[in-house]
Amino acid sequence: MTADRKPRKDAVRNRAAVFAAADTLFADCGSPEDVTMADIAAAAGVGKATLFRAFGDRTGLIRELYEARLEPIREAVEAGPPPLGPRTPAHLRVPALLDAVLCFKLDNRHLAMALESGGADSPYRTEHYDRWHTLLRDLLRSVPGPDDDDFTAHALLAATRADLIAYLAGEKEVPREELRARLASFTTAVLDSRTGQDRPPRT
């Protein structure tokens with residue numbers, strides 16, 4: 001068997017079935033912690049042992065499902081056109097990146113909550129968080145301002161935490177476009193404060 005051998009068709013089908021089942025269960029549950037590997041296996045029509053062999057544990061499954069849903073955004077960030085792509089100036093790309101994260105978590109709120117609230121690992125130690133933080137930190141380094149790029153990147157990402165988004169969009173019923181506008185305003189204020197630009201007076 002060669003190292004680059006393609007997965008069997010049944011394995012591909014099982015993976016798609018597992019992702020679809022997990023997506024539905026997390027979307028319909030009252031709390032992400034209520035969904036177990038046994039629930040997902042039963043809904044997908046596969047054995048529980050199959051899940052553990054494929055994903056390691058519940059957190060591993062959630063991470064892989066999250067990454068699969070995030071793939072179009074990752075491709076746009078790595079090689080796409082402005083405003084997400086690498087040719088975009090930092091002062092335009094930072095707000096666009098945060099808007100993309102916000103919209104993704106609004107569209108996949110149940111999945112983001114399951115990933116960020118479940119498991120023993122801190123959400124700040126996950127691969128996807130490190131990737132976003134590193135990208136924002138490196139972009140901030142190209143924006144004139146104090147030497148606090150690492151902290152500022154964390155602070156900006158804190159505005160897109162899944163539990164905050166769920167609270168604002170769910171309990172507080174803040175409309176999607178208003179959330180996007182508020183985040184854009186906050187991000188602009190942070191960037192302007194680093195460059196010393198004067199903000200217009202509030203009315």
Side-chain angles (χ1 to χ4, degrees), residues 15 18-41 43-44 51-52 54-78 84 94-140 149-180 182-184 186-187 190:
R15 186 179 184 84
V18 167
F19 281 176
D23 226 353
T24 300
L25 287 170
F26 282 120
D28 294 343
C29 71
S31 167
E33 298 304 315
D34 294 339
V35 179
T36 68
M37 290 288 267
D39 295 331
I40 297 170
L51 290 191
F52 283 102
F55 303 103
D57 57 19
R58 179 179 177 277
T59 301
L61 189 159
I62 295 170
R63 283 178 180 165
E64 289 206 34
L65 174 55
Y66 190 93
E67 289 296 326
R69 298 290 184 263
L70 192 62
E71 182 64 24
I73 296 178
R74 184 165 57 245
E75 290 178 353
V77 169
E78 292 176 355
L84 291 178
V94 169
L97 289 169
L98 290 166
D99 182 67
V101 174
L102 172 65
C103 290
F104 177 82
K105 290 187 178 182
L106 284 169
D107 293 337
N108 299 273
R109 199 180 314 169
H110 57 287
L111 189 55
M113 281 292 293
L115 181 62
E116 294 185 18
S117 66
D121 292 340
S122 164
Y124 302 108
R125 296 193 180 97
T126 60
E127 181 181 351
H128 80 274
Y129 183 88
D130 183 65
R131 185 165 59 241
W132 285 114
H133 175 264
T134 299
L135 177 57
L136 286 172
R137 182 200 63 202
D138 291 348
L139 285 169
L140 289 168
D149 313 301
D150 190 80
F151 174 81
T152 302
H154 282 301
L156 289 171
L157 283 172
T160 68
R161 275 186 57 95
D163 53 356
L164 175 61
I165 292 171
Y167 170 72
L168 292 175
E171 293 186 39
K172 301 294 287 185
E173 298 183 343
V174 180
R176 178 190 186 95
E177 293 308 311
E178 184 176 342
L179 283 174
R180 295 180 68 191
R182 289 185 181 185
L183 178 61
F186 170 68
T187 306
V190 171

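One-based numbering along the sequence shown.
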Atom pair CD (E116) and CD1 (I62), whose distance is rounded to the nearest 0.5 Å: 11.5 Å

Heavy-atom side-chain contact between L70 and R131 under 4.5 Å: yes

Distance-minimising heavy-atom pair for F26 and P32: CE2-O, 3.6 Å

Residue pairs involving residues 18-31 (criterion salt bridge (charged side-chain N to carboxylate O under 4.0 Å, His left out); sequence neighbours excluded): D23-R69

Partner residues of R137 under the side-chain contact (heavy atoms from CB on, under 4.5 Å) criterion, sequence neighbours left out: H133, T134, R141, D149, D150, A153

side-chain hydrogen bond (donor to acceptor under 3.5 Å, both in side chains) partners for D34, two or more places apart: none

Exceeds 12 heavy-atom contacts within 6.0 angstrom, atom CD of E173: no

Stepwise side-chain contact (heavy atoms from CB on, under 4.5 Å) check, L183 with T187: CA-CA 6 Å; L183 178 61; T187 306; 4.0 Å; yes

Salt bridge (charged side-chain N to carboxylate O under 4.0 Å, His left out) against D107, all qualifying residues, sequence neighbours excluded: R176

Interatomic spacing from CD in E78 to CD1 in I73 - rounded to 0.5 Å: 12.0 Å

Heavy-atom closest pair, residues L25 and V35: O-CG2, 3.8 Å

Test item: H128 and R74 side chains (from C-beta on) under 4.5 Å apart, heavy atoms: no

Qualifying residues under side-chain contact (heavy atoms from CB on, under 4.5 Å), relative to A112, sequence neighbours excluded: Y66, K105, A162

Heavy-atom closest contact (A159 atom, L164 atom, distance): O-CD2, 3.8 Å

Distance-minimising heavy-atom pair for A96 and L84: O-CD2, 3.4 Å

Gap separating the CG atom of L168 from the CG atom of L102, nearest 0.5 angstrom: 9.5 Å

Test ring pair (Phe, Tyr, Trp, His ring centres under 6.0 Å) applied to F52 - qualifying residues, sequence neighbours left out: none

Contacts of type side-chain hydrogen bond (donor to acceptor under 3.5 Å, both in side chains), residue Y129, not counting sequence neighbours: H154

Contact check, side chains of F19 and E64, non-hydrogen atoms, under 4.5 Å: yes

Note, L98 side chain near W132 side chain (heavy atom, < 4.5 Å): no

Within-4.5 Å side-chain heavy-atom neighbours: L97 and L139: yes

For E178, all residues meeting side-chain contact (heavy atoms from CB on, under 4.5 Å), sequence neighbours excluded: V174, P175, R182

Distance (rounded to the nearest 0.5 Å) between L61 CG and L51 CG: 6.0 Å

H110 to A27 - nearest heavy-atom pair and separation: CD2-N, 3.3 Å

Sequence-distant partners of R180, salt bridge (charged side-chain N to carboxylate O under 4.0 Å, His left out), two or more places apart: D99, E177

Distance (rounded to the nearest 0.5 Å) between L136 CG and L156 CG: 6.5 Å

Residue list, side-chain contact (heavy atoms from CB on, under 4.5 Å) with A158, at least two apart or on another chain: none

Pair listing, salt bridge (charged side-chain N to carboxylate O under 4.0 Å, His left out) test, anchored in residues 159-169, at least two apart: R161-D163

Partners passing side-chain hydrogen bond (donor to acceptor under 3.5 Å, both in side chains) against E127 (at least two apart in sequence or in another chain): none

Spacing of D57 atom CG and M37 atom CE [to the nearest 0.5 Å]: 6.5 Å

